[in-house]
Amino acid sequence: MSSSPSSLKTPHSSSASTSSTNIVVDEPLYQVKLLSALRSGDPAVIHPFLAEIGKDKRKSSEGILDTGSAALHLSIRCASASTVALLLSHRAISPNGIHPPSSGTTALHLAASLGRVDIVTLLLDQEAIDDSLLDANGKSCTDIAKGREIVRVIEGRNYISHVVLLRLVRLARLSQRFLSFATP
């Protein structure tokens, strides 16, 4: 049995409604192979799935599913931090991706709710991360965090961001004053 994701697209190929880039997300074989690849942590096994993510749109009962977010969320549940980092390095995978689509659950929500401090830290290090997003129930990642350590990590990042912002504002004001004295 091949571990290539493209080999998983043939079970429904006789169906007129399914093409190689539009298949049913509930396909158990795909999920099992992706899970196995993520658990292995082997980039050579994971890369074929990553190659499909940017061009693969799958149908779910809620519409088009972001397969990158689905893979990221699955990796947060079952894989090492280095495997999650590998997925986050893919250009088509957003650290703010929501899965399932109507839940509002971001990767940070999931990692915080599972108590994965290693993944929370990794996600907070992502440039595009937005830790202010709320899920479908109006809860933030700190609201659903499992344990005080997770909350401290998230709030610590917010504190550091706030301090850096204040210092940048202060520096900008000093620069303006200096420039006003320097220009005749």
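Given the structure is predicted, the values throughout are model-derived calculations rather than measurements.
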Using modelled atom types and a 3.5 Å cut-off, is there a donor and acceptor pairing between side-chain atoms of Gln126 and backbone atoms of Leu122? yes
For Thr106 and His109, work out which heavy atoms get closest and say how close. OG1-ND1, 2.7 Å
Do Leu86 and Leu50 come within less than 4.5 Å of each other through their side chains, counting heavy atoms only? yes
To check you understand the geometry: which heavy-atom pair defines the closest contact between Ala111 and Leu123, and what is its length? CB-CD1, 4.0 Å
What distance do Ile76 atom CD1 and Ser113 atom OG have between them, rounded to the nearest 0.5 Å? 9.0 Å
Side chains of Thr121 and Asp118 only: does a donor on one sit below 3.5 Å from an acceptor on the other? no
Shared hydrophobic cluster for Tyr30 and Leu35 (ILVMFWY, side-chain gaps under 4.5 Å): yes
State, to 0.1 Å, how close Leu110 and Thr105 come at their nearest heavy-atom pair, and which atoms those are. N-CG2, 4.1 Å
Nearest heavy-atom neighbours spanning Ala145 and Ile150: CB-CG2, 3.6 Å
At their closest point, which heavy atom of Thr142 faces which heavy atom of Glu155, and how far apart are they? CG2-CG, 4.4 Å
Taking the side chain as every heavy atom from C-beta outward, state whether Ile46 and Leu87 have any atom pair closer than 4.5 Å. yes
Separation of Glu127 CD from Leu88 CG (nearest 0.5 Å): 13.0 Å
Specify the closest pair of heavy atoms between Pro95 and Leu72, including all atoms of both residues, with the distance to one decimal. CA-CD2, 4.3 Å
For the pair His73 (side chain) and Gly97 (backbone), establish whether a donor and an acceptor sit closer than 3.5 Å, ignoring hydrogens and angles. yes
With side chain to side chain contact (heavy atoms under 4.5 Å, CB included) as the test, would you mind laying out the steps for Ile98 and Asp66 before giving the verdict? CA-CA 8 Å; Ile98 294 172; Asp66 178 354; over 6 Å; no
Intermediate values then yes/no, side chain to side chain contact (heavy atoms under 4.5 Å, CB included), Asp130 and Leu108: CA-CA 9 Å; Asp130 183 353; Leu108 188 56; over 6 Å; no
Residue pairs meeting ring-ring contact (aromatic ring centres under 6.0 Å, His included), one or both in residues 133-153, sequence neighbours left out, come to none
